[in-house]
Amino acid sequence: MATIPDNIQHVRQQIAAACQRAGRPVADVTLMCVGKTRDAAELRLAVTAGERCFGENYVQEGLAKIADLSDLRRQVEWHLIGPVQSNKTRAVAEAFDWVDSVDRLKIAQRLSDQRTPGLPPLQLCLQVNISGEASKSGLLPGEVAAVAEAVAALPRLRLRGLMAIPAPASGFAAQREPHRALRELLVSVRESCAGLSADFDTLSMGMSDDLEAAIAEGATIVRIGSAVFGARSAAADASTLQT
Ligand SMILES: *Cc1c(COP(=O)(O)O)cnc(C)c1O
């Protein structure tokens with residue numbers, strides 16, 4: 001059975017090959033290891049293998065792992081990539097470095113108000129329902145510019161870009177389409193919104209099954225779970241992968 005370090009090496013090779021095909025420097029793409037359903041000991045193996053960027057879907061599960069890995073706190077960047085309820089914003093604002101999955105202005109306002117003084121600004125992405133699926137959270141593309149402009153004005157946050165979880169598609173060309181749409185949306189928001197910082201340049205997109213297509217379209221963070229930690233059970237997936 002492949003170990004976590006083996007998996008990471010394989011994913012790193014996939015990323016490097018995809019960057020080469022896309023004519024992009026490999027340093028432009030961050031590998032985020034998505035640890036949902038995995039325990040802190042498994043994440044620690046990934047840190048030992050050199051990984052620095054970790055994503056968690058659930059606030060409680062993420063907080064527990066941040067605490068378990070507190071000795072590595074300075075080495076690790078923690079992203080929340082799942083839904084944020086209002087009653088959890090304080091804990092999130094105190095513990096995480098990034099929230100990739102903000103889809104309402106109200107949540108951003110609370111995160112800004114509650115960000116611990118003395119910590120750097122919380123880095124934020126707006127989640128976009130890029131495939132327009134009724135079952136998925138995220139802003140509709142047409143809503144993003146107005147929310148981005150309002151979020152950019154909040155003091156304790158730094159709006160870094162956009163995140164999406166496209167509907168699964170098979171075939172490289174079909175997989176590229178939603179990623180291209182997210183990239184084009186990022187460009188148009190950058191052109192139309194006042195007050196965005198110069199580093200509004202993050203495209204958090206691409207998972208184990210479509211990372212090459214995402215990189216071809218400009219992904220700067222790929223969020224990889226099963227290809228790093230091994231397959232999750234179908235039941236675990238049904239309850240975690242986007243509610
Ligand atoms: C689970 C999950 C991932 C990783 O999915 P894999 O297919 O296991 O790579 C990425 N992003 C989000 C939001 C997820 O919930």
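Just so you know, these numbers use all the heavy atoms, side chains as well, and skip hydrogens, waters and symmetry mates. Read the numbers this way: they start at 1 and go in the same order the structure lists the ligands and their atoms.
Atoms of ligand 1 found under 4.0 Å from any heavy atom of I224, numbered from 1 in the order shown, are 9 (O). Ligand-side atoms of ligand 1 in range of N57: 14 (C), 15 (O), range being under 4.0 angstrom from any heavy atom. Listed by atom number, the atoms of ligand 1 under 4.0 Å from I165 heavy atoms are 13 (C). Taking a cut-off of under 4.0 Å to the non-hydrogen atoms of I81, the atoms of ligand 1 that pass are 11 (N), 12 (C), 13 (C).
Note: F54 and W78 have tilted aromatic rings, judged against thresholds of 30 and 60 degrees for the angle between ring planes.
Side-chain contact of Q14 with E212: a donor-acceptor pair under 3.5 Å is present, judged by distance alone.
Not a single heavy atom of M32 sits under 4.0 Å from any atom of ligand 1.
Of the N or O atoms in M207, none lie within a sub-3.5 Å distance of an N or O in ligand 1. The N/O atoms of D209, backbone and side chain alike, include none that comes under 3.5 Å of an N/O atom in ligand 1.
A salt bridge does not link R52 to E77: none of the charged nitrogens lies less than 4.0 Å from a carboxylate oxygen. A salt bridge links D71 with R44; the closest basic N to acidic carboxylate O contact falls under 4.0 Å. Taking a cutoff of 4.0 Å between a charged side-chain nitrogen and a carboxylate oxygen, R156 and D113 do not qualify as a salt bridge.
When R223, Q127, E56, M205 are checked for heavy-atom proximity to atom 11 (N) of ligand 1, R223 turns out nearest.
Every residue two or more places apart in sequence or in another chain that forms a salt bridge (charged side-chain N to carboxylate O under 4.0 Å, His left out) with K65 is listed here: E56, E61.
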